[in-house]
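What follows is one structure encoded as structure tokens, with my remarks underneath.
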Amino acid sequence: MTVVTRFAPSPTGYLHIGSARTALYNWLFAKHHAQYGSGGRFLLRIEDTDRQRSTQQAVDAIIDGLRWLGLDWDGEALSQFSRIARHAEVAHQLLAAGNAYKCYCTPEELQEMRDAARRAGRPVRYDGRWRGRDPAEAPKGVDPVIRLKATTEGETVIDDLVFGHITVGNDQLDDMVLLRADGTPTYMLAVVVDDHDSEITHIIRGADHQRNSFRQLQIYRAQGWQAPLFAHLPLIHGADGAKLSKRHGAVGVETYREEGFLPEALCNYLLRLGWSHGNDEIISRDQAIEWFGLDAVGRSAARFDRDKLASVNGHYIRQTADAALVDLVLPRLKASLKGGFAVDASTRLMKGMAELKERAQTLVELADNAAFYAHTRPLPMDGAAAKTLDTAARSRLRALRDRLAGVDGWSAAGLEKATRAYAEGTAVKLGQVAQPLRAALTGGTASPGIFDVMEILGRDESLGRLDDVLAAAK
Ligand code: GLU
């Protein structure tokens, strides 16, 4: 059997990281079956029936997020709104078959029903008053809604691929609206019709949809359609144990992208947030495709831990080729340095990347640490660097400058040798010379090995930066 999964986001203006995890699991499940089973397809359906919220921009935010994460879908993305005629058709089929009925309740009546239920401490449910009633009694001027004639006896069962056997008493589910009075379909109907017509075999989505699944199963049953299998994913919580929301910080994938996270790292982190393969933490995409299955999805809510994500990101940064990191960091530096962006930045970064990437957890950090390579002269100094460059340090630098200028070949080894010889000759510790050098050449007090930095900056730039500092002291 070919497995067909889908991701069915409602456009909200951004791709929520919880939704991204849902998309990832659906994608992996389909890919796993495509490669190791008898076929798999992953579909994208945009649930854009709320016309107010479904702007092109909001749809693009989801599509861009998925593309950035590398979660490609089969075929065209389907617009749910484009299918409302089909949804209405199914509502009328249900009506014709006696599995649905017209309800003429006015908004006031429904409000009374809700108030009465609340007063009596009962759950708010539609009481089925038009279920058996003769449509000839319909009040004039009220457009009816179409409601499902839901089964009231027995229970609805789901053999959830994550939560196991779960049930709800059918007396708990009321006759839901399928088609509104204006002829538009409800979410509940649209989802079922689209999933059925797309031949979805597995619905993998958040546990917050569990109740919807029971209700949707009733529509499958009424239509005599084969229902898909369900897998509900435990929710993601913030550090305080509450459902992850904006008050915990960024929840949009786009923000993580801006903050310098790599898509591979975010996917790896989200994969492990709710699914495990032994104690493996770093899992490549190929391994994930090979290993992914719903049986290893946990049942308890996972906690989102930004520090853990940053550490996974640091790992992926170290694994990324230097040239690719340069390409990622350069636009950030161009934007932040503006006119101060040096023409040689790319060459210098390429040479310095091997060392720089060992120390950064995000691309933002990497760009910050690399900025001194990309900056034109004169270099700005941070407070600690300026403090390092006191009168004594400057006079040492002045003497050292001429020794460095005489170094043949300008290699890190040659520069280190000359600096050590100078330090020994004047009986100061190497650090007393190297720290001022670092301040003058990088504008900061922490950097990659200073002799490597000098080699990468080259003779003219290095001596120029020293001269800028020495000239400023005069
Ligand atoms: N559109 C729903 C949402 O964004 C998901 C529907 C579904 O997966 O069935 O929460």
Side-chain angles (χ1 to χ4, degrees), residues 3-30 41-55 57-66 69 71 73-74 77-84 86-87 90 156 158 160-163 166 173 176 178 184-220 223 225 227-236 243-246 251-254 270 274 294 297 301:
V3 158
V4 187
T5 63
R6 68 0 174 232
F7 176 51
S10 309
T12 48
Y14 59 92
L15 179 60
H16 190 286
I17 44 174
S19 301
R21 185 190 63 165
T22 300
L24 174 68
Y25 285 17
N26 277 284
W27 185 89
L28 283 173
F29 193 66
R41 282 159 39 79
F42 168 68
L43 308 182
L44 174 63
R45 180 173 75 233
I46 305 290
E47 305 216 309
D48 52 358
T49 48
D50 178 344
R51 302 313 288 161
Q52 297 285 307
R53 301 188 86 183
S54 304
T55 58
Q57 212 181 359
V59 174
D60 288 348
I62 289 175
I63 301 231
D64 291 348
L66 290 174
L69 291 169
L71 304 178
W73 50 96
D74 291 299
L78 184 72
S79 149
Q80 185 158 67
F81 179 68
S82 73
R83 292 180 35 86
I84 56 173
R86 166 69 180 146
H87 306 145
V90 172
T156 298
I158 295 179
D160 193 302
L161 296 170
V162 172
F163 286 90
I166 50 176
L173 309 171
M176 67 187 132
L178 302 172
T184 58
T186 57
Y187 159 75
M188 219 57 90
L189 174 68
V191 168
V192 172
V193 174
D194 290 346
D195 284 336
H196 170 77
D197 289 358
S198 308
E199 299 178 7
I200 302 298
T201 58
H202 293 73
I203 293 186
I204 305 168
R205 61 184 173 195
D208 47 344
H209 283 284
Q210 219 167 54
R211 199 172 171 78
N212 290 341
S213 299
F214 285 120
R215 307 185 110 218
Q216 290 167 13
L217 268 175
Q218 296 204 323
I219 303 179
Y220 282 97
Q223 272 294 74
W225 288 343
L229 296 171
F230 288 91
H232 292 98
L233 308 174
L235 298 184
I236 301 177
K243 184 177 164 185
L244 192 68
S245 71
K246 279 190 180 158
V251 288
V253 163
E254 180 60 25
L270 290 176
L294 296 167
V297 174

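Order of listing sets the numbers, starting from 1, for every ligand and every atom in it.
Between Ala8 and ligand 1, at least one pair of N/O atoms sits closer than 3.5 Å.
Scanning the protein for heavy atoms near atom 9 (O) of ligand 1, the closest one is Arg205 NH1, 2.5 Å. Of all protein heavy atoms, the one lying nearest to atom 3 (C) of ligand 1 is Ser10 OG, 3.7 Å. When only non-hydrogen protein atoms are considered, atom 8 (O) of ligand 1 lies nearest to Arg6 NH1, 2.7 Å. Ranking protein heavy atoms by distance to atom 10 (O) of ligand 1, first place goes to His209 NE2, 3.1 Å.
The structure places CZ of Phe29 at 8.0 Å from OG1 of Thr5, a figure rounded to the nearest 0.5 Å. If you take CG on Leu43 and CG on Asp74, they are separated by 6.5 Å, rounding to the nearest 0.5 Å.
The shortest heavy-atom distance from Tyr187 to ligand 1 is under 4.0 Å.
Between Arg45 and Asp194 a salt bridge is recorded (basic side-chain N to carboxylate O distance below 4.0 Å).
Of all the atoms in ligand 1, the ones that sit under 4.0 Å from a non-hydrogen atom of Glu47 are 1 (N), 2 (C), 5 (C), 6 (C).
Using cut-offs of 30° and 60° for the angle between ring planes, the Tyr187 and His209 rings count as tilted.
For the pair Asp48 (side chain) and Phe81 (backbone), a donor-acceptor distance under 3.5 Å is present.
The side-chain contact (heavy atoms from CB on, under 4.5 Å) test with Leu15 is passed by exactly one of Ile63, Asp64, Leu66: Leu66.
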